[in-house]
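Values below: every heavy atom of this structure, side chains too, minus hydrogens, waters and symmetry copies.
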Amino acid sequence: MAECSNCGATLDPAWKFCIHCGTAVASQAIPSAIRPDAPVEQKKPGPSLFTTLSILAILLGLLIGAATVVFIITHAG
């Protein structure tokens with residue numbers, strides 16, 4: 001955790017000012033994880049939800065279609 005340069009209080013990384021004395025927090029005190037100028041890690045693309053839901057919809061449609069055909073055949077009459 002960073003410390004205030006004026007009063008020495010422990011600073012939360014999200015603070016822009018020390019809540020104890022009002023001194024502006026130096027940019028070095030803010031971790032790179034939340035600094036806007038820090039490089040952002042790129043995540044590797046994984047399987048998308050759209051693809052998963054598409055496959056699920058197709059399988060569910062086939063299952064319901066098959067059940068409908070069986071129902072019609074058994075209750076025709």
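- For S5, there are no side chain to side chain donor-acceptor pair (under 3.5 Å) partners two or more places apart in sequence or in a different chain.
- Going from atom OG1 of T10 over to atom CD1 of I19 covers 10.5 Å, rounded to the nearest 0.5 Å.
- Counting only heavy atoms from C-beta outward, the side chains of V25 and C4 never approach each other to under 4.5 Å.
- In this structure, CG on L63 lies 9.0 Å from OG1 on T68, to the nearest 0.5 angstrom.
- Heavy atoms only, all atoms of each residue included: A9 and H20 are closest at CB-CD2, 3.2 Å.
- Through side-chain heavy atoms spaced under 4.5 Å, either directly or across other Ile, Leu, Val, Met, Phe, Trp or Tyr residues, F71 is tied to no other residue.
- The structure places CZ of F17 at 12.0 Å from CG of L11, a figure rounded to the nearest 0.5 Å.
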